[in-house]
Visitor: 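The structure that follows is given in the form of structure tokens.
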2 protein chains.
Amino acid sequence: MSKLTISDIAARAGVSKATVSRVLNDRAEGVGPETRAHVRAILAETGFQPSAMARGLATGHSRSVGLIIPDVINPFHPLLVSGAEQALSAVGYSLFLCNTGSNGAKQGDYIRVLVDKRVDGVILDSVGFEAEAQVRLLEREGIPVVLLDCVIGDRASRYGVVLDNDHGVREAMEFLFRRPDRRLLYIGGPSDMSQSVDRRNSVERIAREWRLAGDQLTVLPGDFGLECGFRLVTELIGKQSGRPFPFNGVFAANDMMALGVLKALRRAGVSVPGEVEVLGYDDIEFARLIDPPLSTVAQPALEMGAASAELLLRLINNDKPRRKTVVMKPRLILRGTTLAPDDVGQTHIQE
Amino acid sequence: MSKLTISDIAARAGVSKATVSRVLNDRAEGVGPETRAHVRAILAETGFQPSAMARGLATGHSRSVGLIIPDVINPFHPLLVSGAEQALSAVGYSLFLCNTGSNGAKQGDYIRVLVDKRVDGVILDSVGFEAEAQVRLLEREGIPVVLLDCVIGDRASRYGVVLDNDHGVREAMEFLFRRPDRRLLYIGGPSDMSQSVDRRNSVERIAREWRLAGDQLTVLPGDFGLECGFRLVTELIGKQSGRPFPFNGVFAANDMMALGVLKALRRAGVSVPGEVEVLGYDDIEFARLIDPPLSTVAQPALEMGAASAELLLRLINNDKPRRKTVVMKPRLILRGTTLAPDDVGQTHIQE
DNA sequence: TTGAAAGCGCTAACAC
DNA sequence: GTGTTAGCGCTTTCAA
């Protein structure tokens with residue numbers, strides 16, 4: 001409980017604070033082997049822990065970073081957090097977790113807090129339109145920022161880690177349209193999240209490229225919530241009381257909505273994947289836990305979190321990479337809610 | 001980017017640093033209304049943010065706390081985190097997230113980091129046997145600790161927030177044994193987690209109290225993993241190729257195992273809840289997302305997180321509560337994997 | 001190789 | 001009501 005300071009150690013060792021400091025920081029030169037050993041012994045014996053605040057004040061950096069996310073409870077985010085945390089803790093950085101609850105004002109507050117904590121950098125997974133101004137505050141303070149899974153403003157102007165949504169969507173679409181008789185329902189996400197806008201744009205671009213006919217693709221807006229997927233599909237099926245349905249495949253912009261879709265189809269007694277194939281996006285943990293396990297476009301979330309931390313660490317060390325954006329590739333994972341790629345007649349479970 | 005300091009502000013306002021400091025900290029006395037307004041104006045105009053590190057050094061507290069958890073990816077923990085985060089951020093405290101990956105050594109490292117960050121307090125949700133010594137390190141430094149969802153050492157000696165597992169188990173057992181013909185399979189959790197030990201002890205105590213016969217209750221050890229629930233039930237069913245099964249109810253010590261049980265039963269074509277009722281423990285988000293939704297003993301995880309933060313804040317403010325332990329009540333939630341309490345013939349969905 | 005001393009940016013007595 | 005001053009615990013020149 002004895003709030004030991006470096007002076008106490010210096011006194012006990014019979015040397016100056018400067019020397020203790022040198023030992024503490026493993027400075028190669030500036031201290032003789034004897035003294036070093038002696039000081040080390042005292043350090044160990046007292047269990048002395050230097051104050052990070054005092055050190056931070058003196059050096060100008062805190063060895064801590066802020067991680068801003070919309071919602072830890074959303075099953076996708078903990079993966080990002082965990083990935084970043086591992087990369088950061090491995091090199092001795094601490095993490096301020098800033099959970100905004102998707103609230104722009106709270107996000108602003110947190111950014112202000114991070115500024116006054118003098119964090120060395122910020123990883124920002126943000127939603128909302130006010131983000132640009134908030135990021136500029138950090139930039140004005142000279143605090144490096146890495147955008148995670150989001151783009152703010154001009155995408156070439158800031159460092160960031162994003163998913164190649166176009167790639168993911170394209171793989172999904174190629175898979176789904178392997179069947180010439182495909183009639184697809186695409187359910188998009190909120191229009192204020194760059195990811196969902198990206199995905200939807202890709203879907204529509206591909207539809208134009210392939211000159212899909214009107215009955216081959218229906219695009220509906222969603223909100224990333226399970227209920228939404230459930231409701232949309234229930235309504236569509238309700239209208240069309242008999243078979244066949246207006247669609248034989250559903251591609252949801254995230255897994256939660258896909259889960260809602262599955263629930264609706266099950267309630268209606270529609271067989272999956274026999275009558276309708278379902279594909280999600282994200283690969284949250286639950287995707288493979290349900291029965292049948294959900295086919296989906298997997299985001300390498302842990303890796304994205306880790307990549308954002310690594311990128312930030314480089315920025316902190318002033319080792320700026322030539323390309324500002326790290327693009328991660330999503331991966332199509334076929335499980336139980338889709339038919340085999342070639343054989344359009346039986347369930348195919350990969351993995 | 002102009003690393004403004006309090007001296008700069010003082011200079012621009014034509015007052016002393018002390019005055020600026022008084023304004024910054026909203027000290028009622030010691031500064032005239034004019035000066036105050038003037039300084040406020042400059043503060044606003046420059047967007048000055050005082051350095052938390054400098055302030056911390058001067059005051060001796062950092063307005064930040066550490067939250068140590070085994071694994072953010074485990075769907076139960078983000079709820080604790082979120083609850084604590086909300087309570088903390090509401091009063092201006094920041095959160096260092098320490099994710100140990102259930103690794104005792106990493107937990108020790110993190111505790112050391114928190115000590116040198118001079119956090120004002122620590123919330124510890126810990127696993128493992130080395131925890132006691134680690135907590136003592138914090139105690140030696142005079143850092144308040146609140147144990148969250150775990151007990152370390154003698155449970156009366158430390159502050160903590162725990163779940164009343166005995167209450168939860170008792171409610172569950174009373175519900176399950178409303179049927180005189182009940183034959184229950186109980187699947188426990190790991191033996192190094194106090195919660196799962198508690199639950200199992202309660203089950204066995206109740207069995208003795210009620211003098212349950214051998215065929216009315218089978219207790220099997222598990223590991224909290226989905227696979228484990230799946231395997232155990234698959235094996236049991238495999239042995240007993242025909243009906244009826246050796247059990248008509250399964251009570252799992254957590255939801256993940258219950259999900260595994262459901263999967264096994266579905267694979268085997270056993271109807272739930274008709275032939276076998278299934279009850280979980282935790283109420284993770286997925287519990288109500290699956291079909292049929294899982295009946296379970298709900299832990300008020302958000303509230304537990306919040307309670308731990310509130311308790312910690314009181315300790316930090318030296319306002320020690322008379323009772324060291326906050327006990328939260330779990331709640332039995334009946335959904336689709338159990339039959340109605342009274343009418344043992346049809347599915348009952350509450351909520 | 002070592003030590004003395006001047007800060008880092010703030011707060012808090014204590015004067016005025 | 002306001003300013004002066006001495007730290008808080010560390011790092012880091014600069015001398016010795």
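Each chain gets a letter, A, B and so on, in the order the sequences are listed, and its residues count up from 1.
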Visitor: Looking at the base of C:dG3, is there any donor atom on it, or on the side chain of A:Arg22, that sits under 3.5 Å from an acceptor on the other one?
Guide: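 Result: at least one qualifying N/O pair found.
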
Visitor: Between which nucleotides of DNA chain D, 5' to 3', does chain A make heavy-atom contacts below 4.0 Å?
Guide: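 With heavy atoms of chain A under 4.0 Å away, the range is D:dG9 to D:dT12.
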
Visitor: If I compare all heavy atoms of B:Ala13 with all of B:Ile42, which pair ends up nearest, and what's the gap?
Guide: CA-CD1, 4.0 Å

Visitor: From CE of B:Met53 over to P of C:dT11, roughly how many Å is that when rounded to an integer?
Guide: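 Roughly 14 Å, once rounded to whole Å.
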
Visitor: By ring-ring contact (aromatic ring centres under 6.0 Å, His included), which residues pair with B:Phe48, not counting sequence neighbours?
Guide: none

Visitor: Identify whether any heavy atom of A:Ser21 sits under 4.0 Å from a base atom; if not, whether one sits that close to sugar-phosphate; answer base, sugar-phosphate or nothing.
Guide: base

Visitor: Are A:Asp109 and A:Arg112 close enough for a salt bridge, meaning some N to O gap below 4.0 Å?
Guide: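 Looking at A:Asp109 and A:Arg112, the cut-off is met.
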
Visitor: Using atom NZ of A:Lys17 as one end and atom C1' of C:dA6 as the other, report the distance to the nearest whole Å.
Guide: 10 Å

Visitor: Could you list all the ring-ring contact (aromatic ring centres under 6.0 Å, His included) pairs where at least one residue sits in residues 85-128 of chain B, not counting sequence neighbours?
Guide: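 Sorted pair list: A:Phe96-B:Phe96.
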
Visitor: Which heavy atom in A:Met304 sits nearest to a heavy atom in A:Val162, and how many Å separate them?
Guide: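 Smallest interatomic distance, heavy atoms only, reads CE-C, 4.3 Å.
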
Visitor: Is the closest basic N to carboxylate O distance between B:Arg136 and B:Glu132 below 4.0 Å?
Guide: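 Yes.
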
Visitor: Taking for each residue the nucleotide of DNA chain D bearing the nearest heavy atom, is the 5' side occupied by A:Ala18 or by B:Thr19?
Guide: B:Thr19

Visitor: Would you indicate what A:Arg36 reaches in the nucleic acid, counting non-hydrogen atoms under 4.0 angstrom: base, sugar-phosphate, or nothing?
Guide: nothing

Visitor: How long is the line joining CG of B:Leu57 and P of C:dG7, in whole Å?
Guide: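 Result: 17 Å.
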
Visitor: Provide the closest heavy-atom pair for B:Ala301 versus B:Leu79 in the form atom of the first, atom of the second, distance.
Guide: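 Shortest heavy-atom contact: CB-CB, 3.5 Å.
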
Visitor: Between atom CZ in B:Arg55 and atom C1' in C:dC8, what is the gap in whole Å?
Guide: 16 Å

Visitor: Counting side-chain heavy atoms from CB outward, which of C:dA13, C:dT11, C:dC10 is closest to B:Pro50?
Guide: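 The answer is C:dC10.
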
Visitor: Would you mind telling me which residue lines up with the more 5' stretch of DNA chain D, A:Asn25 or B:Ser16, judged by nearest nucleotide?
Guide: B:Ser16

Visitor: Between C:dC10 atom P and A:Lys117 atom NZ, what is the distance in whole Å?
Guide: 14 Å

